[in-house]
Amino acid sequence: MRRTVAIVGGGYGGAAVAKALETEADIVLIDPREAFVNAAASLRALTRPDWASSMFFPYSTLIGRGRVIRDRAVSVDPHGVTLASGERVAADYLVLATGSGYAYPAKPVSDSIAEALDDLRRTHKELRGAGRVLILGAGPVGLELAGEIKDVWPGKHVVVVDPARELLPGFEPDMVDDLRGQLDDLGVELRLGTALRTPPHTRPGEAAAFTVATGEGEDITADIWFRAHGTSTNSDYLADGRLTRLDRQGRVPVTELLNVEGHSHVYAVGDLTDVAEAKMAGYAMQHAEVVAKNITAQLSGERPTATYRPLPFPMILLPLGPTGGVGQLPSADGPFTVPRSTVSEYKGADLFTGRFVEQFGPTA
């Protein structure tokens, strides 16, 4: 008798688990979105709207034998999922993969493809007419956004502001130095150790000239701004405590097998977990491999043994447009810095689009 695996969330981790297990069990994938969103491509979709449709992949082409429910989970217990519609999905195994929320345009706001594309086209039009751009946040998202803007509009003045005094703390100094050099070559103005006294009076992504003051009393004038900081864990549906407790960040405590603590048949992957590492798509897909192996073993009557241990150092591929960027990857000897050509080859050129064409099939 085939068992049922219910997966809550169809992002990077959830989609990978669904694909890996579709021949092993009856898959039920639950997500309110119309399609899988390759969020890594969101920033380029903003600057190149004719390219934007390639970031969406219909769930119908992901799993041929499974069931996809377009709905939102409102509660999970050890035996299944309750949906906003009132439907109850019973399951033998559960995988929680709802990830995190990020400020637009790092992730689309709408669950509808058409509405998300409309948002991107509207914001592109606002950005296209702006000569001066302010980005709040010098993390990977803010820097990647700056790179995408400069690739399309080299003449725009882009300033990135962050209260942190160090750029990408924890990464190898030679990678950070390379990053600074590339930003300088692009003409991106970087202001670290700086905070605004008050936020701009305009809404992010809407063009209108404004001037803001920094804590040091300096003025920054721009025509549009974007927020590139702050995340929120998508775990509200677990707040009732019927399955597990959440930590102070709203994340799910997991074991090294990626079981939700106290439940050998319930797993969590990606940003939702309390694994001590950066919250990135690459890690979510690595979590998915571990979970798929463990559930496959359990379905065969075997003991799950695949474990996940975070690296002792961070890794990243941070493109600055299709051909620029920096990266740090793991090796047996520790972290090593990769050249921009490698960043372009593995991420920057297509932002993983090719990988998801293989997984889902080509977009329409």
Which atoms form the tightest heavy-atom contact between Y12 and A39, and what is the distance? OH-N, 2.8 Å
Look only at the side chain of T273 and the backbone of V269, and say whether a donor-acceptor pair between them is shorter than 3.5 Å. no
Tell me if the NZ atom of K279 is crowded by more than 12 foreign heavy atoms within 6.0 Å. yes
Report yes if the distance between the aromatic ring centroids of W51 and H124 is under 6.0 Å, otherwise no. no
Determine the minimum heavy-atom distance between E216 and T194, stating which atoms define it. OE1-CG2, 3.7 Å
With respect to E87, which candidate in R67, R72, R70 satisfies the salt bridge (Lys or Arg N to Asp or Glu O under 4.0 Å) definition? R67
Donor-acceptor side-chain pairing of Q298 and N294 below 3.5 angstrom: no
Applying a strict under-4.5 Å side-chain criterion to I, L, V, M, F, W and Y, I'd like to know whether V133 and L186 cluster together. yes
Using a 6.0 Å cut-off, check whether atom OH of Y346 has over 12 heavy atoms from anything other than its own residue. no
Testing the 3.5 Å rule here: is there a donor-acceptor pair between the side chains of Y93 and T4? no
Is it the case that more than 12 heavy atoms not belonging to H79 sit under 6.0 Å from its NE2 atom? no
Do T123 and Y104 have a side chain donor and acceptor closer than 3.5 Å? yes
Consider only side-chain heavy atoms of I, L, V, M, F, W and Y, link residues closer than 4.5 Å, and tell whether V158 and L134 are in one cluster. no
Please determine if R44 and E144 form a salt bridge, counting it only when a charged side-chain N lies under 4.0 Å from a carboxylate O. no
Should R191 and E189 be marked as a salt bridge (charged side-chain N to carboxylate O under 4.0 Å, His left out) after you check the CA-CA gap, both sets of side-chain angles, and the distance that decides it? CA-CA 7 Å; R191 294 199 186 186; E189 181 183 352; 2.8 Å; yes
Of all heavy-atom pairs linking L29 and G9, the shortest is CD1-O, 3.7 Å
Using a strict 4.0 Å threshold on nitrogen-to-oxygen distance, state whether R3 and E24 make a salt bridge. no
Using side-chain hydrogen bond (donor to acceptor under 3.5 Å, both in side chains) as the criterion, list what pairs up with S264, not counting sequence neighbours. none
Minimum-distance pair of heavy atoms, taken over all atoms of L120 and A52: CD1-CB, 4.2 Å
Answer yes or no: does atom CZ of R88 have more than 12 heavy-atom neighbours from other residues, nucleotides or ligands under 6.0 Å? yes
Whether D177 and R180 form a salt bridge (side-chain N of Lys/Arg under 4.0 Å from carboxylate O of Asp/Glu) is what I want to check. no
Would D271 and R251 pass as an ion pair if we require N to O under 4.0 Å? no
N/O donor-acceptor pairs under 3.5 Å from side chains in residues 197-209, not counting sequence neighbours:
from : atom 1 : to   : atom 2 : distance (Å)
R197 : NE     : T214 : O      : 3.1
T202 : OG1    : W225 : NE1    : 3.3

As an exercise, state the distance from CD1 of I113 to CD of E34, rounded to the nearest 0.5 Å. 4.0 Å
Would you check, one step at a time, whether the test side-chain contact (heavy atoms from CB on, under 4.5 Å) holds for S110 with D119? CA-CA 8 Å; S110 175; D119 289 340; 4.3 Å; yes
Determine whether V89 and V8 fall in the same hydrophobic cluster, where Ile, Leu, Val, Met, Phe, Trp and Tyr are linked whenever their side-chain heavy atoms lie under 4.5 Å apart. yes
Picking from L246, L96, D247, what satisfies side-chain contact (heavy atoms from CB on, under 4.5 Å) with S235? L246
V176 and L168: which non-hydrogen atoms are nearest, and at how many Å? CG2-O, 4.1 Å
Please tabulate, for side-chain N and O atoms in residues 301-328, each donor-acceptor pair with protein atoms closer than 3.5 Å (sequence neighbours left out).
from : atom 1 : to   : atom 2 : distance (Å)
T307 : OG1    : R309 : NH1    : 3.0
Y308 : OH     : E277 : OE1    : 2.7
Y308 : OH     : E277 : OE2    : 3.2
R309 : NH2    : E256 : OE1    : 3.3
Q328 : OE1    : E172 : N      : 2.8
Q328 : NE2    : P314 : O      : 2.7

Pair S75, Y237 - check side-chain contact (heavy atoms from CB on, under 4.5 Å), show working. CA-CA 5 Å; S75 183; Y237 63 99; 5.9 Å; no
Under 3.5 Å, is there a donor-acceptor pair linking the side chains of T211 and T221? yes
Taking the basic N atoms (NZ, or NE/NH1/NH2) and the acidic carboxylate oxygens, is any pair closer than 4.0 Å for E148 and K150? no
R355 with D350: basic N within carboxylate O range, under 4.0 Å: no
Can the ring centroids of F360 and F36 be said to lie less than 6.0 angstrom from one another? yes
Taking H265 for its side chain and P78 for its backbone only, find out whether a donor-acceptor pair lies under 3.5 Å. yes
Where L62 and K19 come nearest, the two heavy atoms and their spacing: O-NZ, 3.0 Å
